[in-house]
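As structure tokens, the structure follows; a few thoughts come after it.
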Amino acid sequence: MESAALSAISRHLLRPSSNPHHNSTSEILPLRSFNVAPLRRRFNSLSTKCHHASSGNSSANPSFSCSAVASDTAAPASDNVSTPQLRLRRLVDEFVSLEEPLDRVKLLLEYATSLPFFPASARVLSNRVMGCTAQVWLSVSTDGYTMQFSADSDSEITRGYCACLIAVLDGASPEEVLKMHPEDFAELNVVGSSGKGGVQSRVNTWHNVLIAMQKRAKAAIAEREGRPPVDPFPSLVISPGGIQAQGSYAEAQAMFLSPVESKIKELVSVLKEKQIGVVAHFYMDPEVQGILTAAKMHWPHIHISDSLVMADSAVKMAEAGCRYITVLGVDFMSENVRAILDQAGFEKVGVYRMSDAQIGCSLADAASSESYVQFLDNASKSPPSLHVIYINTSLETKAHGHELVPTITCTSSNVVQTILQAFAQVPDLNVWYGPDSYMGANIAELFQQMAALSDEEIKEIHPGHDRKSIKLVLSRLHYYQDGNCIVHDMFGHEVVEKIKELYCDSYLTAHFEVPGEMFALAMEAKRRGMGVVGSTQNILDFIKNRVKEALDRNVAEHLQFVLGTESGMITSIVAAVRELLGKRGTGSPKVEVEIVFPVSSDSVSTAPVDGSHDVASLGVVPGVVAGEGCSIHGGCASCPYMKMNSLRSLLRVCHQVPDEGGILSAFQASRLNVKTPLGRSVADVGCEPILHMRHFQATGKLPDKLVDQILGKNAESMS
């Protein structure tokens, strides 16, 4: 399930004004008295007489107080060139003069009747606005200096929204369109009585149609200035008829989505024969994932997931009779699987990694550095302290950290609620989060946003907090400043600017580990129902849910998702989308799903990869598959460590177990028999922070043992 904290924060940061008495001026005439193109053909014949409530009588007659009558007087010529800001002010004044929500809805429906005719020929997928509950079509024409909009919807309420937006922005310059903010239209406060879901859906409609208008305005400016068209990111389009790759990078990803049948049969045969289970991370090489996804149809003990679930799945496989577990991931994942199996009593189940070389991780490496030890040493001197460590770190790091400072692990899905709950149980606590610096900065930004909410809104996110306590959280939150994932580091300024220009009206997904610019962009999309920020599983669930909603609408759709995480996710996404589309009967409206890879120009090399060039001269270091790689300036299109898990290695390990001759000794997952500085087992101490997190996930509270450890450390340092 997606993080409740992120969802609630997003919902509250974009909401209609709660003040029905906007600063209106009774001398300003209603908008529809003005000749606003292209609605002027309809609006010229209307003059709205609104009986504004006086400032001294806020409880005036609540009956619907606006009626349209024929106008004998044309609007003054000067009104035809009024600015969008002035038109918006008149529109807001007209709506907020009505105190009853039902009256505002009636006025909106009246605007809907004035929307100009929209030809059926314009009701095409290329004109659809994504993210709206109803079907919305937007058509745009421009000479580069003025924007002409027309729109339609199969919902009368949405037609009213479109009419208001067009009344304000039609005939405006592209620059004027870009100056508009969704919050300006939220002041119209047309919320009706459909509950929170309905309110947010309506706010999203205003926002998403405006975003679509602004995307066209950006394109108009670029064309006017003679700028060449921006090349789109590579993408895969999934439809009932198959998969279409657009761009060489996407072609490289799509190559293995339809794996060779002989390889599937070979793998399934050896897995069944030797009772081998397979746990793999979402970021696996596409060839391996393609084979595993197909093989799972014939052998149930294959699981692809994020790192947290891998060990749990391994235990279930051992319980089902698997004698060996192969781990396709980085080394801390195989170590974790080994330790959890041992704790569950499956010491005899063999655990194998996929390389005889070290399979590292930039994030895990950061947590084992001297600077991170210094970070924890500072924490130990600032009691009471809690170390919140990201799950994607080694057991040894968790163990050493836990002996310095009481420690609990977290995931990208539960980190916000973990920190909030910790402060609720120990109010004078100091929290030290690491090692992902981007995630730490994003957490701090979320709390800054929370501090701007009301006490009631904050309590919806966590009942133990208010504005005062959130400000205290901010003052006592510390995060490590020098650690990041080399994949998510790629989603920087260049990628963000291109998304803003070409994909601002698309669904946007982002891992919590991305840099701040990408995080802010995804949170903005999330606030209007068009994005998700969280774990790999959160991203997959978000895409599946949007596809399910599209199928339920039973109309032709083209959904476009920007994938803000490692490209290896595509295999699981394609499998999930194919399954959903396959449930549709023949003759149903066509639904297409496009997955966009926001690949930086630094992530694809155009130079030969045959050794004819010095690596130092390349923009990227070539990866396992042609077209993949890492920028020498930092950041990767796909994780080079994960790609060390090859199909060849998997088959080799499977064929050679049981390893009676010790050939696979370098492939065996490490059983951590080493001791901590205090002489305790690294495996035992390292697993304890994970168990603390399990308790929190099950109960919503930090375990008493952890709280005692926090307070015990405090007492120890005070003595």
Side-chain angles (χ1 to χ4, degrees), residues 307 311 330-344 347 351 353 358-410 418 422 426 429-437 440 476 478-483 668-696 702-719:
S307 58
V330 296
D331 283 346
F332 75 76
M333 296 176 185
S334 57
E335 290 174 3
N336 190 48
V337 168
R338 174 73 277 164
I340 296 298
L341 282 171
D342 287 350
Q343 286 205 337
E347 296 90 344
V351 178
R353 39 200 291 280
Q358 180 182 358
I359 308 178
C361 169
S362 60
L363 203 55
D365 292 345
S368 61
S369 66
E370 285 297 322
S371 63
Y372 199 79
V373 173
Q374 183 60 50
F375 174 74
L376 293 180
D377 186 58
N378 292 338
S380 68
K381 298 173 182 176
S382 305
S385 283
L386 172 67
H387 176 213
V388 179
I389 189 169
Y390 196 24
I391 188 70
N392 291 348
T393 48
S394 70
L395 278 176
E396 190 168 5
T397 295
K398 294 180 180 76
H400 290 171
H402 195 32
E403 286 201 337
L404 280 172
V405 187
T407 298
I408 185 172
T409 58
C410 70
T418 299
V426 187
L429 184 67
N430 288 288
V431 165
W432 303 75
Y433 168 80
D436 194 292
S437 304
R476 291 177 171 267
H478 314 268
Y479 63 89
Y480 184 60
Q481 301 282 339
D482 195 24
Q668 289 185 347
S670 299
R671 179 174 269 121
L672 298 176
N673 295 319
V674 296
K675 301 294 183 180
T676 69
L678 297 183
R680 301 167 63 194
S681 164
V682 163
D684 290 342
V685 180
C687 282
E688 190 168 272
I690 301 175
L691 297 177
H692 289 332
M693 180 184 69
R694 300 282 192 205
H695 184 279
F696 169 71
L702 269 60
D704 291 340
K705 181 178 181 180
L706 177 59
V707 174
D708 289 343
Q709 288 171 343
I710 295 169
L711 298 178
K713 290 285 184 180
N714 185 29
E716 177 181 327
S717 47
M718 291 292 289
S719 61

Quick one: do M333 and V330 satisfy side chain to side chain contact (heavy atoms under 4.5 Å, CB included)? Show the steps, please. CA-CA 6 Å; M333 296 176 185; V330 296; 3.9 Å; yes

Can you check whether [X] reaches [Y] side chain to side chain, under 4.5 Å on heavy atoms?
X    : Y    : result
N392 : D436 : no
S369 : Y480 : yes
P435 : L363 : yes
I710 : L429 : yes
K705 : H695 : no
D342 : R338 : yes

Could you walk me through whether K398 and V685 pass side chain to side chain contact (heavy atoms under 4.5 Å, CB included), step by step? CA-CA 8 Å; K398 294 180 180 76; V685 180; over 6 Å; no

First locate atom CG of D377, then atom CD of E370, and finally report the distance between them rounded to the nearest 0.5 Å.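 One finds 11.0 Å between CG of D377 and CD of E370.
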
When rounded to the nearest 0.5 angstrom, what is the spacing between CZ in F375 and CD in Q481?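 Separation between the atoms: 8.0 Å.
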
Heavy atoms only: give me the nearest [X]-[Y] pair and the separation to one decimal.
X    : Y    : result
T418 : F696 : OG1-CE2, 3.3 Å
S437 : D482 : OG-N, 2.9 Å
G401 : L376 : CA-CD1, 3.6 Å
A367 : T393 : CB-CG2, 3.7 Å
A311 : N336 : CB-ND2, 3.8 Å
I391 : S307 : CG2-OG, 3.9 Å

Begin with the C-alpha distance, continue with both residues' side-chain angles, and end with the deciding distance and a verdict on ring pair (Phe, Tyr, Trp, His ring centres under 6.0 Å) for Y372 and H387. CA-CA 12 Å; Y372 199 79; H387 176 213; 5.8 Å; yes

Option passing side chain to side chain contact (heavy atoms under 4.5 Å, CB included) with I690 (candidates L395, I389, I408):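 Of the listed options, the one satisfying the test is L395.
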
Donor-acceptor pair, distance only, cut-off 3.5 Å: does the side chain of [X] make one with the backbone of [Y]?
X    : Y    : result
T409 : M693 : no
D331 : G360 : no
S382 : N378 : yes

Would you find more than 12 non-hydrogen atoms of other residues, nucleotides or ligands less than 6.0 Å from Q374 atom CD?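 For Q374, atom CD is crowded (more than 12 foreign heavy atoms under 6.0 Å).
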
Audit row: L404, H400, side chain to side chain contact (heavy atoms under 4.5 Å, CB included) steps and yes/no: CA-CA 7 Å; L404 280 172; H400 290 171; 5.9 Å; no

Going through the checks in order, is the side chain to side chain contact (heavy atoms under 4.5 Å, CB included) test met by S368 and E396? CA-CA 8 Å; S368 61; E396 190 168 5; over 6 Å; no

Can you label the angle between the H402 ring and the H692 ring as parallel, tilted or perpendicular, going by 30° and 60°?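 Ring orientation, 0 to 90° scale: perpendicular.
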
